[in-house]
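What follows is a single structure, written as structure tokens, with notes after it.
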Amino acid sequence: MPADQLRRTRIQDLLQSTDLNREVLVKGWVRTRRGNKYVQFIALNDGSGLATLQVVADAEKFPEESLKEITTGACIAVRGQLVASQGKGQAVEVQATSIEVLGTSDPETYPIQRRGADQKGISLEALREIAHLRPRTNTFGAVLRIRHALAFAIHQYFNDHGFYYVHTPIITGSDAEGAGQMFRVTTLPPEHPPRTEDGSVDFSQDFFGKQTNLTVSGQLEGELAALALGSVYTFGPTFRAENSNTARHLAEFWMIEPEVAFNDLADNMDLAEDFLRSLVKYALEHCAADLQFLNDTYDKELLGRLKFVTDNAFQRLTYTEAVEILKSAKKKFEFPVDWGTDLQSEHERYLVEKHFRKPVILTNYPKEIKAFYMKLDDDGRTVRAMDVLFPGIGEIIGGSQREEDLAKLQARMAEMHVPEDELWWYLDTRRFGTAPHAGFGLGFERLVLFVTGMTNIRDVIPFPRFPKNAEF
RNA sequence: GCUUCCUUAGCUCAGCCGGUUAGAGCAUCUGACUGUUAAUCAGAGGGUCCCUGGUUCGAGCCCAGGAGGGAGCGCCA
């Protein structure tokens with residue numbers, strides 16, 4: 001094949017190739033270059049995997065002066081022979097015949113230099129300041145590949161189980177979804193918005209002719225779709241304008257929300273558990289090298305924890321049973337446990353990490369501490385809610401069987417001061433062919449947190465959005 | 001939003017009781033070395049000690065205010 005018709009090969013594919021002594025073309029970013037006046041070695045990475053390809057440049061073809069621009073961070077295209085390696089660190093390498101520098105990288109100012117001996121390298125906090133370059137690191141390459149694999153596995157799971165992917169709106173006309181503070185969407189001039197006669201902002205002149213916000217949940221629209229298509233799910237961005245400063249919250253995050261007609265709470269738990277387990281299993285099977293790297297680098301118990309989730313049933317118990325366990329626990333809690341109040345992080349962590357030592361599904365919470373749309377239990381005190389609690393993460397899933405009875409739903413809305421007129425379309429589902437149904441929300445980044453073993457949610461999304469930060 | 005800790009070279013960090021010209025490792029640059037792979041060895045350059053004000057003969061260090069960051073909590077996914 002003529003050289004100029006040669007097509008680029010992904011480095012990951014080359015490293016697994018047994019078809020040696022052929023001409024190849026690779027393109028990627030230089031991790032390191034080292035050597036002497038006779039031979040130079042370039043470690044090249046193209047993002048197709050964690051491992052680098054060793055490119056060998058002999059001095060007879062490449063005098064050292066010609067390699068000046070091949071510095072850490074530079075982008076190069078290499079033609080050469082794929083050969084068995086003479087060195088010990090790799091099975092194959094590329095003996096270069098030509099190297100083209102596609103993009104230089106000033107070594108004095110490129111911030112991601114190779115990590116040296118006896119030092120920790122750039123901290124995750126420092127990398128957050130250079131989020132535009134951090135995908136070049138081993139850690140973020142691994143996290144982003146795993147994030148992709150999990151997203152793919154989610155679609156595959158639902159497709160294989162007869163679910164339809166519905167696209168719920170990102171801009172919503174409702175501000176009564178009950179899931180938190182919303183970001184306003186408007187095209188009105190911020191300095192001098194049009195006013196009505198009573199002095200308030202005249203949103204009838206806004207783009208949509210009314211107040212609009214970014215969605216905090218696709219659930220209500222998901223319920224509409226489930227009551228037509230049977231089994232559906234959403235997977236999209238979600239926005240919360242809460243001033244949350246924690247390692248588990250983002251202002252912009254991705255949420256997966258399955259909703260299934262005719263499912264009750266037990267079906268909902270079965271779905272959540274099987275779903276989570278299959279996603280973890282997918283990652284273990286398809287991201288072995290990246291997970292091994294994260295296990296070795298950050299958390300020696302990561303792989304063990306993931307395998308534990310795939311091999312063991314989650315512990316299911318009611319809120320009432322959990323309160324009894326916590327009350328009889330010897331541990332002194334900062335906040336007292338009492339039936340009717342929501343569990344604190346320390347209580348959830350005790351149940352998951354100390355008492356059961358496995359993922360826990362808590363159900364049947366007091367109605368006062370849960371959303372208006374959850375189905376009332378027969379005792380009139382609790383609702384058919386479920387929270388899935390994971391070690392290190394806390395609440396990874398929140399869901400419920402929904403109240404399908406129109407009168408009971410309206411009564412709950414009145415109790416909780418949810419305006420009926422804004423949700424007339426939602427109530428219509430209970431007027432026309434209502435049906436039992438259930439669903440839940442899974443925070444995608446919390447799933448990625450658990451699977452990667454990262455400890456801050458800002459490190460599992462490419463460009464995190466959180467209070468006081470919308471750079472990049 | 002609350003509590004608490006932190007901010008010194010590109011990165012990771014020392015810096016004693018407030019006392020001369022600010023320290024290390026790595027990175028970067030220069031040189032040496034015939035296959036390296038956390039390469040090795042020698043040398044060099046590199047500082048708004050987060051900002052503002054104060055105390056003091058003298059502040060990286062003490063005090064006040066501000067900014068930014070981490071951890072924990074609340075809200076939740």
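So you know, we letter chains A, B, ... as the sequences are listed, proteins then strands, and number each from 1.
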With heavy atoms under 4.0 Å as the rule, sort [X] into base, sugar-phosphate or nothing.
| X | answer |
| --- | --- |
| A:G35 | base |
| A:T238 | nothing |
| A:T32 | nothing |
| A:E60 | nothing |
| A:E348 | nothing |
| A:I397 | sugar-phosphate |
| A:I112 | nothing |
| A:E334 | nothing |
| A:R31 | nothing |
| A:Q54 | base |
| A:N456 | sugar-phosphate |
| A:G87 | base |
| A:R33 | nothing |

Give a yes/no answer on whether the side chain of [X] brings an N or O atom under 4.0 Å of OP1 or OP2 in [N].
| X | N | value |
| --- | --- | --- |
| A:Q181 | B:C75 | no |
| A:K88 | B:G35 | no |
| A:R248 | B:G72 | no |
| A:N36 | B:G35 | yes |
| A:S217 | B:A77 | no |
| A:S123 | B:U12 | yes |
| A:R34 | B:U37 | no |

Rounded to the nearest 0.5 Å, the CG atom of A:L362 sits from the CE atom of A:M269 at a distance of 10.5 Å
When you measure from the side chain of [X], which nucleotide among [options] comes out closest?
| X | options | result |
| --- | --- | --- |
| A:K68 | B:U34, B:G1, B:U30 | B:U30 |
| A:E242 | B:C75, B:U28, B:G1 | B:C75 |
| A:E93 | B:G35, B:A27, B:G74 | B:G35 |
| A:H249 | B:C75, B:G69, B:G35 | B:C75 |
| A:V39 | B:C33, B:A27, B:G35 | B:G35 |
| A:F41 | B:C29, B:A77, B:G35 | B:G35 |
| A:I122 | B:C76, B:A71, B:C11 | B:C11 |

Each base of RNA chain B marked ( ) or [ ] if paired in-strand (Watson-Crick or G-U under 3.5 Å), | if paired to another strand and . if unpaired gives (((((((..((((.....[...)))).(((((.......))))).....(((((..]....))))))))))))....
Are A:F444 and B:A77 stacked, counting the six-membered base ring, centres under 5.5 Å, planes under 30°?
no
[N] to [M] separation - [atom1] atoms, rounded to the nearest Å:
| N | M | atom1 | value |
| --- | --- | --- | --- |
| B:U48 | B:A59 | C1' | 16 Å |
| B:C51 | B:A39 | C1' | 43 Å |
| B:G60 | B:C26 | P | 28 Å |
| B:C62 | B:C57 | C1' | 16 Å |
| B:G47 | B:A9 | P | 11 Å |
| B:U4 | B:G74 | C1' | 15 Å |
| B:C50 | B:U34 | P | 46 Å |
| B:G31 | B:U20 | P | 38 Å |

Cation-pi check for A:F314 against A:R277: NZ or CZ below 6.0 Å from the six-membered ring centre and within 45 degrees of the axis, yes or no? yes
Only one of A:F463, A:F140, A:F472 passes ring pair (Phe, Tyr, Trp, His ring centres under 6.0 Å) with A:H132, and that residue is A:F472
The single option from A:F163, A:Y164, A:Y233 that satisfies ring pair (Phe, Tyr, Trp, His ring centres under 6.0 Å) with A:H155 is A:Y233
Exercise. Do A:Q40 and A:F62 come close enough that some side-chain heavy atom pair is under 4.5 Å?
Worked result: no
Residue pair A:F158 / A:I154, side-chain heavy-atom distance below 4.5 Å
yes
Could you tell me whether the side chain of A:S345 has a donor or acceptor atom within less than 3.5 Å of a complementary atom in the base of B:C73? no
Quiz item: A:Q86 side-chain donor-acceptor pair to B:G35 base, under 3.5 Å: yes
- Task: Would you check if the side chain of A:R128 reaches a backbone N or O of A:P464 as a donor-acceptor pair within less than 3.5 Å?
- Result: no
Q: Determine, stepwise, if the pair A:Y373 / A:Y426 fulfils ring pair (Phe, Tyr, Trp, His ring centres under 6.0 Å).
A: CA-CA 10 Å; A:Y373 47 72; A:Y426 180 69; 7.3 Å; no
Judged by nearest nucleotide, the residue sitting upstream toward the 5' end of RNA chain B, A:V56 or A:K370, is A:V56
note: A:N469, atom CG; B:A67, atom C1'; distance rounded to Å ~ 14 Å
Just checking A:F466 against A:H249, ring centres under 6.0 Å apart? no
Note: A:R240-A:E252 ion pair, threshold 4.0 Å (strictly below) = no
Does this structure show an ion pair linking A:D338 with A:K327, if we count only N-O contacts that are shorter than 4.0 Å? yes
